[in-house]
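Presented below is the structure to which this report refers.
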Amino acid sequence: MAPTERSPATFTLGIAAGLAARLDAGLNWDLVDLTSDFVGKRPALQDSVLVDVGWKTTPRLGLFRAGSFDAAEQETGQAQIVDVTAEYAEHSRSAKVVDHEQETSSGPSIEDADIIVAGGRGLGAPENFTLAEELARALGGAVGATRAVVDAGWYPYSAQIGQTGKVVSPKLYVALGISGAIQHKVGMQSSNVIVAINKDPNAPIFEFSDLGVVGDLHEIVPKLSELVRARRG
Ligand SMILES: Cc1cc2nc3c(=O)[nH]c(=O)nc-3n(C[C@H](O)[C@H](O)[C@H](O)COP(=O)(O)OP(=O)(O)OC[C@H]3O[C@@H](n4cnc5c(N)ncnc54)[C@H](O)[C@@H]3O)c2cc1C
C-alpha cells in the first residue's frame with residue numbers, strides 16, 4: 001500500500017472520531033469483544049493481553065476489529081429501516097470522487113471465506129503467490145498474506161491478516177512459508193483448523209498449528225493442489 005493511502009480501518013476511525021466529537025460521546029476503538037454490561041475488550045502490549053475499557057456516558061461508540069464476531073442468525077422480527085434526511089455543510093461537499101476501482105477476485109473475500117490459504121515471505125518472490133492462489137482455488141478458498149509480503153509489495157493490503165490487518169476465523173487456515181509472529185497469530189489464531197507448511201521445524205507457527213508439515217513449500221504445494229483437484233473432481 002502506498003504510504004499516503006489510508007487503509008479502510010483508518011478511514012473508519014476518522015469518521016467515528018468525528019461522530020464522537022459531534023455527539024459528545026465516548027469512543028473506544030480496536031475492540032475484539034463486548035460484555036452485556038458494556039465492558040469492551042481491547043488487545044494491548046502487541047496483543048499479548050486484553051484490557052477492559054468502558055464508557056462514562058451514553059451514547060457509547062465502539063469500533064471492532066473486522067472479523068471479531070461471527071454473523072449471528074436474525075432472532076426475531078424484521079430490522080427497522082428509518083429514512084433520515086441529512087443536511088450537509090458546505091465543507092462536507094468539497095471532496096470529489098476522482099476514480100472508482102474495484103478489486104477483481106474470482107473467489108470469496110478473506111472476511112467471508114471458510115478456507116484461507118495465506119502466504120508469507122517463505123514463498124520467496126511475488127510471482128510465487130500463484131502457488132497460494134492455485135491451492136486456494138482448488139480448495140474453494142481465499143488468499144491471505146502476512147504484513148512482511150504486503151509491505152514488500154508482493155500482495156495487496158486488503159489480504160493482510162494480523163494485528164494491523166484483518167482478523168479472520170475460517171474453518172481451515174493454511175499457512176505457507178509463514179513464521180507465526182505474534183502480530184500475525186492474533187489475526188488468525190481463532191481459525192478452527194490451522195495447517196502450516198514451513199521448512200524450519202522450529203518455526204513458531206508449529207506451536208499453534210493443528211497440523212504441521214516440515215518441508216519446502218515449492219515442492220509440497222503444487223502436489224497438494226493437484227491432489228485436491230483430483231479428489232474434488
Ligand atoms: C506493530 C507491528 C504490527 C504488525 N502487524 C502485522 C500484521 O498485521 N500481520 C502480519 O503478518 N505481521 C505483522 N507484523 C510483522 C510481524 O512481526 C512479522 O514480521 C511478519 O508476520 C513475518 O511475516 P512472514 O511470516 O511472512 O515472514 P518471516 O518471519 O520472514 O517468515 C518466513 C517463514 O518462511 C519459511 N520459509 C522460507 N522458505 C521456505 C520454503 N521454501 N518452504 C517453506 N517455508 C519456508 C521460514 O522458515 C520462515 O519461518 C507486525 C509487526 C509490528 C511491529
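Counting convention: from 1, in listed order, for ligands and their atoms alike. Treat the numbers as computed from the prediction; the structure is a model and nothing was measured.
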Give a yes or no on whether the backbone of Ile178 and the side-chain of Asn198 come within a donor-acceptor separation of less than 3.5 Å.
yes
Do Asp30 and Arg65 have side-chain heavy atoms sitting under 4.5 Å apart?
yes
Can you list the atoms of ligand 1 that are under 4.0 Å from a heavy atom of Ala181?
16 (C), 17 (O), 18 (C), 21 (O)
Using a 4.0 Å cut-off to any heavy atom of Gly215, which atoms of ligand 1 qualify?
42 (N), 43 (C)
Heavy-atom nearest neighbour of atom 32 (C) of ligand 1 within options Gly177, Pro201, Gly120, Gly144
Gly177
When you compare the side chain of Glu134 with that of Arg229, does any pair of heavy atoms fall below 4.5 Å?
yes
Below 4.5 Å, heavy atoms only, C-beta onward: do Lys199 and Leu217 meet side chain to side chain?
no
Tell me which one of Arg121, Lys166, Arg147, Lys185 gets a heavy atom nearest to atom 13 (C) of ligand 1.
Arg147
Leu217-ligand 1 polar pair, N/O distance under 3.5 Å
yes
Taking only non-hydrogen atoms of His218 and a 4.0 Å limit, the atoms of ligand 1 in range are 41 (N)
Going by the order shown, which atoms of ligand 1 are within less than 4.0 Å of some heavy atom of Gly162?
7 (C), 8 (O), 9 (N)
Contact between Gly165 and ligand 1, counting heavy atoms under 4.0 Å?
yes
Below 4.5 Å, heavy atoms only, C-beta onward: do Val167 and Val186 meet side chain to side chain?
no
Could you tabulate the donor-acceptor pairs under 3.5 Å formed by side-chain atoms of residues 110-122, not counting sequence neighbours?
{"residue": "Glu111", "atom": "OE1", "partner": "Ser109", "partner atom": "OG", "Å": "3.3"}
{"residue": "Glu111", "atom": "OE2", "partner": "Lys166", "partner atom": "NZ", "Å": "3.3"}
{"residue": "Asp112", "atom": "OD2", "partner": "Ser109", "partner atom": "OG", "Å": "3.1"}

Counting only heavy atoms not in Asp52, do more than 12 sit closer than 6.0 Å to its CG atom?
yes
Option nearest atom 25 (O) of ligand 1 (shortest heavy-atom distance, choices Ser179, Ala196, Ala148)
Ser179
Give a yes or no answer on whether the side chain of Arg42 reaches the backbone of Trp29 with a donor-acceptor pair at less than 3.5 Å.
yes
Please identify each residue that fulfils ring pair (Phe, Tyr, Trp, His ring centres under 6.0 Å) with Phe129, with sequence neighbours left out.
Tyr155
Numbered in order shown, the ligand 1 atoms found under 4.0 Å of a heavy atom of Gln160 are 7 (C), 8 (O), 9 (N)
Quick one: which ligand 1 atoms are inside 4.0 Å of a heavy atom on Asp216?
40 (C), 41 (N), 42 (N)
Would you mind running through ligand 1 and noting each atom that sits below 4.0 Å from a heavy atom of Gly122?
32 (C), 34 (O), 36 (N), 37 (C), 38 (N), 39 (C), 40 (C), 41 (N), 45 (C)
Could a heavy atom of Ile161 be found less than 4.0 Å from some atom of ligand 1?
yes
